[in-house]
Amino acid sequence: MDALAEAVVAGAAPAELEQLPLPGHFTAAHLRAEDVDSFTGFTEADDKDVRKSIHIGSVPMPELAPNEVLVAVMASGINYNTVWSAMFEPIPTFTFLKHFGRQDRWAARHDRPFHVIGSDASGVVVRTGSGVRRWRVGDRVVVSPVYVDEEDPATHADGMLGTGMLAWGFETNYGGLAHYTVARTSQLLPKPAHLTWEEAASNPLCAGTAYRMLVSDRGARMTQGDVVLIWGAAGGLGAYAVQLVRNGGGIAVGVVSSERKAEYARRLGCHHVINREEIGLSGSEAPADPAVVGKRLGKLIRAATGEDPHIVFEHVGRATFGVSVYVVRRGGTVVTCGSSTGYQHEFDNRYLWMRLKRIIGSHGSNLQEQAAVGRLLDLGHLAPALTATYPLTATAEAARLVQNNEHLGKVGVLSLAPAPGLGGTASERR
C-alpha cells in the first residue's frame, strides 16, 4: 500500500492527503487484452471460468481530467457486468474502450491493454480536477455507475438518454475494483454516514437500477397494491426490488431457485415466494412452450394474491422473458434490464399486442434517481443487500460466486478497507 493509501486508511485530514504524492501505479482487479481469445471456441455448455481472466496487479495511474476526481476506494462490489467483462461477452470490453478512446484526448486514456473493472465503489476523494467545484479532498463518497456526457443536451433531460452515456467500469476503464478509481463529478453522491464502506458500496448499481425500473416515472410506475413478480428475488437486483415493492405498498411475489434463497427473500420482506422447480423452469434455456410454464406460474400467483401481476421485474432474460410476457395481466407492464441468461428473447406477440401489455426497457439510473435511493438509505427505508465480503485479492473468487449464481444479494469487495465493519460514523442510526 502506498503512502497516500495508508493515510486514507488511517483517517488523515484533507490537508495531509493533499500534500502526499500520488503513486505512479496502483493495485487493481483487471482484464488483459492478451486474454481476449482465451475462451474462443467454447460452447454454451463449456465453463468460461472468470477466475482465469481476472488478474490482480499493478496498473499505471492515469492523468486526471478537469471534471474528474480520484477516489481512494475503500470498498467495491461484484455485479453481473463484471462477469460479462471477464467472459468477454457479448463482445470483449476492450472493444468498448477502443471505441471510446477515439473521442478525445481524455477518452484516449481508457484505451489500454488492460481494463480495470468494477461498477460500484465507496471511498475518499484524494484529488480533484481543475474544473471541480462541489467536491473536496477528504469527502466520503459513493460512485454511481452511470458515466454521462454533460455536454449532450439529452443528458439534461435524463442522464440515461444521452448518447454519450456509458456504464462506468464496464464501458470505461479505471473502475471500482481497485485501490483507486477515476470518476466524473456527475457520478458522485455523499456516502450514507451510518453505513460501513462495504455496505455503502453495495448499493449504487443494483439499488439505483431497481428504483428506476419500479418507482421512477421512467419505469413501471408502481403504485400501492400492485402485484409485482420479481424474478431472481434473492439476487442483487431482486433484493432491492423486494424492498422497494414492500415499502411502496405493493405485493412482492418472488421467484428463486432454492429454499435457501427463498428464506432470504422472505427475510427481505417478500410476501410470497415461488421456487422455480414448482413451475418446471431450470437452467438458462427458455422453455419449449413459455405458455405452459406461464400457466403454472399464473396459477400459483393467483392462489397467493387472488390476481395476476401488474408488473414483472425482469432481468433474467432468455430463460424467463417469454413467461414474463405471458403471465403479466392484461394492460400490465414487463420492465426489463440486463439478461443474465442471454440477450435473445422470444415471446408470443399475441399476448403482448392483443392484451395491451407493455415492455419497458430500463438501464441504470440517473443521478437524481441515485440521490433518491441515497435518501431512502439515509432514512433507513432501504437496507444494503450485502451478504458476503471478499478481499480485493480474491475478486476472481467473488466474481465466480456470482457467475455460478451461488450468491445471495450483493457480494462486496474490500479494496483499501482493512476489515469489514469500518467506515460508519453515525452508529446511532443503524
Side-chain angles (χ1 to χ4, degrees), residues 31 36-54 78-96 117 119 167 170-171 205-206 209-210 213 229-238 241 254-258 261 274-277 279-294 296-297 312-328 333-349 351-352 357 359-364 399-407:
L31 309 176
V36 162
D37 295 326
S38 57
F39 298 129
T40 298
F42 279 45
T43 67
E44 290 190 8
D46 294 323
D47 184 7
K48 298 180 181 180
D49 190 338
V50 296
R51 293 174 295 185
K52 297 178 181 178
S53 56
I54 296 176
I78 303 295
N79 295 290
Y80 209 85
N81 67 4
T82 292
V83 174
W84 283 324
S85 294
M87 293 167 61
F88 307 110
E89 289 186 355
I91 59 175
T93 50
F94 289 97
T95 304
F96 302 145
I117 50 180
S119 296
F170 179 64
E171 296 171 294
L205 189 148
C206 283
T209 298
M213 290 175 73
L229 175 66
I230 302 167
W231 292 104
L237 283 168
V255 181
V256 298
S257 58
S258 69
K261 293 185 176 183
I274 296 168
N275 193 311
R276 276 174 145 226
E277 292 182 358
I279 57 175
L281 188 63
S282 61
S284 60
E285 294 300 319
D289 187 350
V292 172
V293 175
R296 294 181 192 136
L297 179 57
V312 177
F313 183 87
E314 167 65 68
H315 56 100
V316 178
R318 177 179 59 186
T320 58
F321 200 83
V323 179
S324 295
V325 173
Y326 178 87
V327 80
V328 74
T333 300
V334 177
V335 59
T336 179
C337 79
S339 294
S340 56
T341 61
Y343 303 103
Q344 298 297 326
H345 302 174
E346 292 188 5
F347 61 91
D348 188 329
N349 196 44
Y351 297 112
L352 183 74
K357 303 178 182 184
I359 296 173
I360 296 177
S362 190
H363 183 47
R400 179 64 169 174
L401 192 72
V402 175
Q403 182 183 27
N404 288 338
N405 196 29
E406 295 172 350
H407 64 299

Using the side-chain contact (heavy atoms from CB on, under 4.5 Å) rule, take Ser362 and Thr209 through it: C-alpha gap first, then chi angles, then the decisive distance, then the call. CA-CA 8 Å; Ser362 190; Thr209 298; 5.6 Å; no

Under the side chain to side chain donor-acceptor pair (under 3.5 Å) criterion, do Thr43 and Asp46 qualify, and how do the steps go? CA-CA 5 Å; Thr43 67; Asp46 294 323; 3.2 Å; yes

With side-chain contact (heavy atoms from CB on, under 4.5 Å) as the test, would you mind laying out the steps for Val36 and Phe94 before giving the verdict? CA-CA 8 Å; Val36 162; Phe94 289 97; 3.7 Å; yes

Show, in sequence, the C-alpha distance, side-chain angles and deciding distance for Arg51 and Gln403, and conclude whether the side-chain contact (heavy atoms from CB on, under 4.5 Å) test is met. CA-CA 10 Å; Arg51 293 174 295 185; Gln403 182 183 27; over 6 Å; no

Might you work through the side-chain contact (heavy atoms from CB on, under 4.5 Å) test for Leu229 and Val327, ending with a clear yes or no? CA-CA 9 Å; Leu229 175 66; Val327 80; 3.8 Å; yes

Mind running side chain to side chain donor-acceptor pair (under 3.5 Å) on Glu171 and Thr93 for me, showing each step along the way? CA-CA 6 Å; Glu171 296 171 294; Thr93 50; over 6 Å; no

Test Asn81 against Ser119 for side chain to side chain donor-acceptor pair (under 3.5 Å), laying out the working first. CA-CA 8 Å; Asn81 67 4; Ser119 296; 3.0 Å; yes

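The two residues Leu31 and Ser53 come nearest to each other via the heavy atoms CD2-O, 3.4 Å. Considering all non-hydrogen atoms of both residues, Ala319 and Ser284 come closest at CB-O, 3.6 Å. Across all non-hydrogen atoms, the minimal contact from Cys337 to Leu237 is SG-CD1, 3.8 Å. Ala210 and Ala241 get closest at one heavy-atom pair: CB-N, 4.0 Å. Considering every non-hydrogen atom in both Thr341 and Arg318, the closest pair reads O-NH2, 2.9 Å. Of all heavy-atom pairs spanning Tyr80 and Ser340, the tightest one is OH-O, 3.7 Å.
Atom-to-atom distance recorded for Ser85:OG and Ile54:CD1 is 8.5 Å, nearest 0.5 angstrom. In this structure, NZ on Lys48 lies 13.5 Å from CH2 on Trp84, to the nearest 0.5 angstrom. To the nearest 0.5 Å, the span separating OG on Ser324 from NE2 on His315 amounts to 9.5 Å. In this structure, CZ in Phe39 is found 8.0 Å from CG in Asp47, a value given to the nearest 0.5 Å. One finds the CG atom of Asn79 at 4.0 Å from the CG atom of Leu205 (value rounded to the nearest 0.5 Å). With rounding to the nearest 0.5 angstrom, the CE atom of Met87 is 10.5 Å from the CZ atom of Phe42.
Although no hydrogens or angles enter the test, the distance criterion places no donor-acceptor pair under 3.5 Å between the side chain of Lys357 and the main chain of Val334. Using modelled atom types, one side-chain atom of Glu314 and one backbone atom of Gly317 make a donor-acceptor pair closer than 3.5 Å.
A salt bridge is defined here as a Lys NZ or Arg NE, NH1 or NH2 lying under 4.0 Å from an Asp or Glu carboxylate O, and Arg400 with Glu406 fails to meet this definition.
Applying the ring pair (Phe, Tyr, Trp, His ring centres under 6.0 Å) test to Phe321 and every residue at least two apart in sequence or in another chain returns His345, Phe347. Under the side-chain contact (heavy atoms from CB on, under 4.5 Å) criterion, Glu346 pairs with no residue, sequence neighbours left out.
Taking the side chain as every heavy atom from C-beta outward, Phe170 and Phe96 approach each other to under 4.5 Å. Residues Ile359 and Val325 have side chains in contact (heavy-atom distance under 4.5 Å, counting atoms from C-beta outward).
Evaluated for a side chain to side chain contact (heavy atoms under 4.5 Å, CB included) with Arg276, the options Leu297, Leu281, Val293 yield exactly one hit, Leu281.
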